Amino acid sequence: MRVISLVPSVTETLLAWGVDVIACTRFCEQPGLRHVGGTKDPDIAAIVGLRPDLVVVDREENRRDDADALTGAAVPLHVTHVASLADVGPMLTALAAAVGAQAPDEPTWQREPVWATAFVPIWKRPWMTVNRHTYGSSVLAAIGVKNVFDDHAATYPTVEPAEVSARRPSMVLLPSEPYPFAQRHVRQMAEAFPDSVPVLVDGQDLFWWGVRSEGAVGRLRAALHRALAPS
């Protein structure tokens, strides 16, 4: 089955399953595969011209207009949507069925008691974060880390530094994507939020779901426990 994936985490999953992925987006980090634009601006003509058996899109990663354009061109679609760890197992089962792969065993997740709180910026200028209705926040909850903006009405709220300080997070988690936070930002966060420990984390482990989910939860748990361990 010839599949095009417009979802980075799905591309990773399909390749791990040995599926014939003939193209993906430039954000999928697969230089050996043909790229057909980005997640928000795919090259519809190129996709149609490749005559795939299936194109995988995601309700959050991709735009409805692009999905409609592919459907209008008679390109078969499979749509994913994951907002929590609990969604991962059913999503993998449905995806495997759609591409003719062997369905994996559904993972089980045991939620840990809360032992830390965190602010998770996903962008700056303006500062943006996530609420509880997101996969990343669900991952943190599973390992006992409470997102201090989990109760916000917006899924991806814009916040001010004073709001962050008022919620007194024990950590500021700096993911490597979607905003490329790096070592140079650690000092900035320490100065902006002196009562919080700034921690760089792998953005893919925090936000990419699929075959990496089980290992990612363990890696994040270990990294955050190390970050708050007494020196």
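Just so it is clear, the model here is predicted, and its values are computed rather than measured.
Within the 4.5 Å cutoff, the side chain of Glu106 has heavy atoms near those of the Thr93 side chain. The side-chain heavy atoms of Val159 and Phe149, taken from C-beta on, include a pair separated by under 4.5 Å. Counting only heavy atoms from C-beta outward, the side chains of Val139 and Val217 approach each other to under 4.5 Å. For the pair Asp87/Tyr135, no side-chain contact is recorded, criterion being any heavy-atom separation below 4.5 Å from C-beta on. Between Gln204 and Glu29 there is a side-chain heavy-atom pair separated by less than 4.5 Å.
Within the model, atoms SG of Cys24 and CG of Leu14 stand 10.5 Å from one another, a figure rounded to the nearest 0.5 Å. Distance check, rounded to the nearest 0.5 Å: NE2 of His78 to CG of Leu95 gives 5.0 Å. The CZ atom of Arg132 lies 13.5 Å from the CG atom of Leu140; values are rounded to the nearest 0.5 Å. Rounding to the nearest 0.5 angstrom, the gap separating the CZ atom in Arg221 from the CD1 atom in Ile143 is 6.5 Å. Here CE of Met171 is found 9.5 Å from OG of Ser196. Values are rounded to the nearest 0.5 Å. Atom CE in Met189 sits 9.0 Å away from atom CD in Glu191 (nearest 0.5 Å).
Nearest heavy atom pair, residue Asp202 against residue Arg212, reads OD2-NH1, 4.4 Å. A pairwise comparison of heavy atoms in Ala103 and Ala96 identifies CA-CB, 3.6 Å as the closest pair. The two residues Ser5 and Cys28 have their closest heavy-atom pair at O-SG, 4.4 Å.
Between the side chains of Ser84 and Ser138, no donor-acceptor pair is found at a separation under 3.5 Å. With 3.5 Å as the limit, one finds a donor-acceptor pair spanning the side chains of Trp208 and Glu177. No hydrogens or angles considered: a donor-acceptor pair under 3.5 Å links the side chains of Thr80 and Asp58. Between the side chains of Tyr156 and Thr134, not a single donor N or O lies within less than 3.5 Å of an accepting N or O.
Residues Trp115 and Leu85 share a single hydrophobic cluster, defined by chaining ILVMFWY side chains whose heavy atoms lie under 4.5 Å apart. There is a path of hydrophobic side-chain contacts, each under 4.5 Å, that joins Phe193 to Val201. Hydrophobic clustering (ILVMFWY, side-chain heavy atoms < 4.5 Å, transitive): Leu15 and Val88 are in one cluster. Val114 and Leu220 fall into different hydrophobic clusters, defined by Ile, Leu, Val, Met, Phe, Trp and Tyr side-chain heavy atoms under 4.5 Å apart, directly or through other members.
Val55 belongs to a hydrophobic cluster whose remaining members, ordered by chain and number, are Ile4, Leu6, Ile22, Val36, Ile44, Ile47, Val48, Leu50, Val57, Leu70, Val75, Leu77, Val79; membership requires side-chain heavy atoms of ILVMFWY residues under 4.5 Å apart, directly or through intermediates.
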| request: Evaluate the ring pair (Phe, Tyr, Trp, His ring centres under 6.0 Å) criterion for residues His185 and Tyr179: first the C-alpha distance (whole Å), next the side-chain angles of each, then the deciding distance (0.1 Å), finally the verdict. | output: CA-CA 11 Å; His185 297 106; Tyr179 188 89; 5.8 Å; yes
| query | Can you check side chain to side chain contact (heavy atoms under 4.5 Å, CB included) on Glu214 and Trp109, steps first, answer last? | reply | CA-CA 9 Å; Glu214 190 167 6; Trp109 314 102; 4.2 Å; yes
| field | Trp209 vs Val7, side chain to side chain contact (heavy atoms under 4.5 Å, CB included): CA-CA, chis, key distance, verdict | value | CA-CA 10 Å; Trp209 39 260; Val7 190; 4.2 Å; yes
| task | Test Val199 against Leu174 for side chain to side chain contact (heavy atoms under 4.5 Å, CB included), laying out the working first. | result | CA-CA 6 Å; Val199 186; Leu174 301 172; over 6 Å; no
| request: Determine, stepwise, if the pair Val3 / Val56 fulfils side chain to side chain contact (heavy atoms under 4.5 Å, CB included). | output: CA-CA 8 Å; Val3 180; Val56 183; 4.0 Å; yes
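Under a cut-off of 6.0 angstrom, the local environment of CZ in Arg2 is crowded, with over 12 non-hydrogen atoms contributed by other residues, nucleotides or ligands. Enclosure of atom CZ in Arg111 is not indicated, since only 12 or fewer non-hydrogen atoms of other residues, nucleotides or ligands lie within 6.0 angstrom. Summarising the local packing, CG of Asp105 is surrounded by 12 or fewer heavy atoms from other residues, nucleotides or ligands at distances under 6.0 Å.
Checked by atom type and distance alone, the side chain of Lys40 pairs as donor or acceptor with a backbone atom of Glu61 at under 3.5 Å. Formation of a donor-acceptor pair under 3.5 Å by the Asp53 side chain with backbone atoms of Met1 is not found in this model. When atom types are taken as modelled, the side chain of Asn62 and the backbone of Thr39 share a donor-acceptor pair closer than 3.5 angstrom. A donor-acceptor pair under 3.5 Å links the side-chain atoms of His35 to the main chain of Gln30, judged by distance alone.
Asp41 is linked by a salt bridge (Lys or Arg N to Asp or Glu O under 4.0 Å) to Arg26, counting only residues two or more places apart in sequence or in another chain.
Tested against Pro169, the residues Val145, Val148, Asn147 include a single side chain to side chain contact (heavy atoms under 4.5 Å, CB included) partner, Val148.
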Please set out all donor-acceptor pairs under 3.5 angstrom arising from side-chain atoms of residues 116-123, sequence neighbours excluded.
{"from": "Thr117", "atom 1": "OG1", "to": "Ser170", "atom 2": "N", "distance (Å)": "2.9"}
{"from": "Thr117", "atom 1": "OG1", "to": "Ser170", "atom 2": "OG", "distance (Å)": "3.4"}

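Taking 4.0 Å as the cut-off between side-chain N and carboxylate O, Arg219 and Asp205 count as a salt-bridged pair. In this structure, Arg167 does not pair ionically with Asp150, as no charged nitrogen and carboxylate oxygen lie closer than 4.0 Å.
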